[in-house]
Amino acid sequence: MDAPVQTAATALGAPVERREGREKVTGTARYAAEQPAPGRAHAWPVPASIARGRVTAIDTAAALDVPGVLAVLTHENAPKLSEPEDPTLAVLRDSRVPHRGWLVALVVGETLEAARAGAATVRVDYAVEDHDVTLTTTHPEAYAPEQANGGYPGSREHGDPEGAFASAQVRIDADYRVPPLHNHPMEPHATTAEWHDGRLTVHTSTQGSTVVRSVLAQLFGLPEDQVTVRAEHVGGGFGSKGTPRPDVVLAAMAARHTGRPVTLALPRRFLPSVVGHRAPTLHRLRLGAHPDGQLTSLIHEVTTHTSRVKEFVEQAAVPARVMYAAPDSRTAHRVAPLDVPTPSWMRAPGEAPGMYALESAMDELAGELGMDPVELRIVNEPGTEPDSGKPFSSRHLVECLREGARRFRWAERDPRPRSRAEGPLLVGSGVAAAVYPVMTQPSTAAARALPDGTFLVRINATDIGTGARTVLTQIAADALAVPVGRVRTEVGSSELPPASLAGGSSGTASWGWAVHEACARLAERLAEGPLPAEGLEVRADTAGRADADSPFARHAFGAHFAEVAVDTVTGETRVRRLLGVYAAGHILNARTARSQFVGGMTMGLGMALTEGSTMDAAFGDFTESDLAAYHVPTHADVPDIEAHWIDEDDSRLNPMGSKGIGEIGIVGTAAAIGNAVFHATGVRLRELPLTPDRVLGGLRAGDSS
């Protein structure tokens, strides 16, 4: 059934159905590995089986004898490329092995089966070196980085936090641990590459094809106009597709080597080693407060790991610089370079693990004070951003907490831990706050009025499943003052006007700014006179404005509430209710926004209860490398989940007044669930995920104490 036609007056905020929804549900939407490519060959990579060392010999004879195998690429015969700016893309360049899973060969076959069979016969000899993959807070190589991810200073200090903590009347000093986490998008990292007359065309699963084109042009020594990168449909990324990964480089190399189109879809079990992961974070939180709950000292120290290939520092202490009014504070990171795969972005990098620790500590402080945890957060509401001193462009966290408490019936809660039992089940509820920064990046859009009365908007945005096509169409319709049905939007190709990547919850704000300006200018031009026979096109570029520093601190905020039931026999924790209330600017599409909030909350539930990875110290490998071992939530795990919002009127953001919504849903969820488990059981567990064995161990220790 067709969606009702939206008028210009209702375009923004309306629950418009996804423009590409029918294609996706009928299977006609083409993803990177499904593109038509006559003569296509398939590739399968060979990962290193040691944790550190170098390749001394590769025997490819058996692989080349496999029927259907066309070629085997190694560092000895692969096309030589320019040195990449991102060293994680320096594949098949030399004999080094910086971590287990580093790709040391690529087998190309007539079929996927032939390539896979050939890869299984490749024999690699290594010179093995000692390795170290174990993160500790006292690791001898750990250092204080100048910056963390996002360009944030590695450490910040105000006043005398140690002195203020020592003299505080009420103190919390606690350690929290978040394990490595993996992105695992539904569509694996995949590329189909083809060369024709010296031009390279790739269809790849990426969050930003503008960046992929620039990287490929640099690596292969081509002008950018000889590289075309398309990402028409992308089946999720969660940060792991934010920049090019080895699949796009290897597919292009193999296509050049064989002279045929080549498709490479990375096997899922290889993803944790080559496309990034959320690095483990070890947190120490110290909070000092007056008896009335006012914070006097906040100290958040984080230790994390990075690879020896490239520095990446999870900015987990940064959210504490935004949240609460503590006059004396220190937030600091330390990072240990280990023989591990390079960590990278995963949905809400920094904010998700950092707020888990901070909001857990705030819950502990509330318990120590005998104070309602909602009221504790409200008491510490700052007038300006604590770290920068800037005024907030808008901050409605208190309203989110109040509205969430009302909807959740928080006032009916007995605050005493372990006060509600249903047979062997202990039931509890918890709360946590959430924050995510507002970011915009320069983008360019073109808007064209066509003779038939319709409009075409073109921008190299990437729709990674968020509904970007749809909301950009709504923004255009609003600026043009026409119904949504008269606007068509093209995205996902480097042949379109360049745009920033879909990351940091900045996509809609960045692309929408450019689309709004192009359409507003087009509307002005159309008002000046009749439309030319060939139509009329206007372009807008937001460079210098979208990325300009603001005199205001700009963030989205939210409040998460959770109710859990903990089985004292099995240790299983079931989340009965999840509620999120957000203040994220003007919501541009109620339908897709709710989907994003709920998706983030579901991912946070996984972070709290089921998702976790461990690094095997002896083998230097992640032991949970596929969906059989790395457990993501299913529908049965999320029986009742609600997302609501307070529509903000904030003119200091962008022309639409919008903030990013893709990541804030995950930020406070794990802490809310962990706090609910404590309320249910009276046992504080400080290491995620809260698996049955950990819960049972905590219950037994609590019962025996």
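Between R576 and E422 there is a salt bridge, with a side-chain nitrogen of the basic residue lying less than 4.0 Å from a carboxylate oxygen of the acidic one. The residues R377 and E359 are annotated as salt-bridged, a charged nitrogen and a carboxylate oxygen being separated by less than 4.0 angstrom. A salt bridge links E301 to R330: one of the charged nitrogens lies within less than 4.0 Å of a carboxylate oxygen. Under a 4.0 Å N-O distance rule, the pair R402/E375 qualifies as a salt bridge.
Taking the six-membered ring where the residue is Trp, F622 and H182 present perpendicular rings, their angle passing 60° and hence far from 30°. Ring geometry for F392 against F557 counts as perpendicular: the plane angle is over 60°, on a 0 to 90° scale with 30° as the lower cut.
Each of E351, K659, E663 was checked for a side chain to side chain contact (heavy atoms under 4.5 Å, CB included) with P437, and the lone residue meeting it is E351.
Sorted by first and then second residue, the pairs that involve residues 591-611 and meet ring-ring contact (aromatic ring centres under 6.0 Å, His included), not counting sequence neighbours, are Y582-F597, F597-W645. Applying the salt bridge (charged side-chain N to carboxylate O under 4.0 Å, His left out) test to every pair with at least one member in residues 667-685, sequence neighbours left out, gives these pairs: D363-R684, E364-R684.
Contacts of R694 classified as salt bridge (Lys or Arg N to Asp or Glu O under 4.0 Å), with partners at least two apart in sequence or in another chain: E687.
For D640, the CG atom counts as densely surrounded, since its 6.0 Å shell holds more than 12 non-hydrogen atoms of other residues, nucleotides or ligands.
Scanning both residues, G276 and S344, for their nearest heavy atoms gives CA-CB, 3.9 Å. Among all heavy-atom pairs drawn from G404 and V581, the shortest one is CA-CG2, 3.7 Å.
One side chain, E187 or S205, offers a donor N or O that lies under 3.5 Å from an acceptor on the other. Side chain to side chain, D616 and T623 fail the donor-acceptor criterion of an N or O pair below 3.5 Å.
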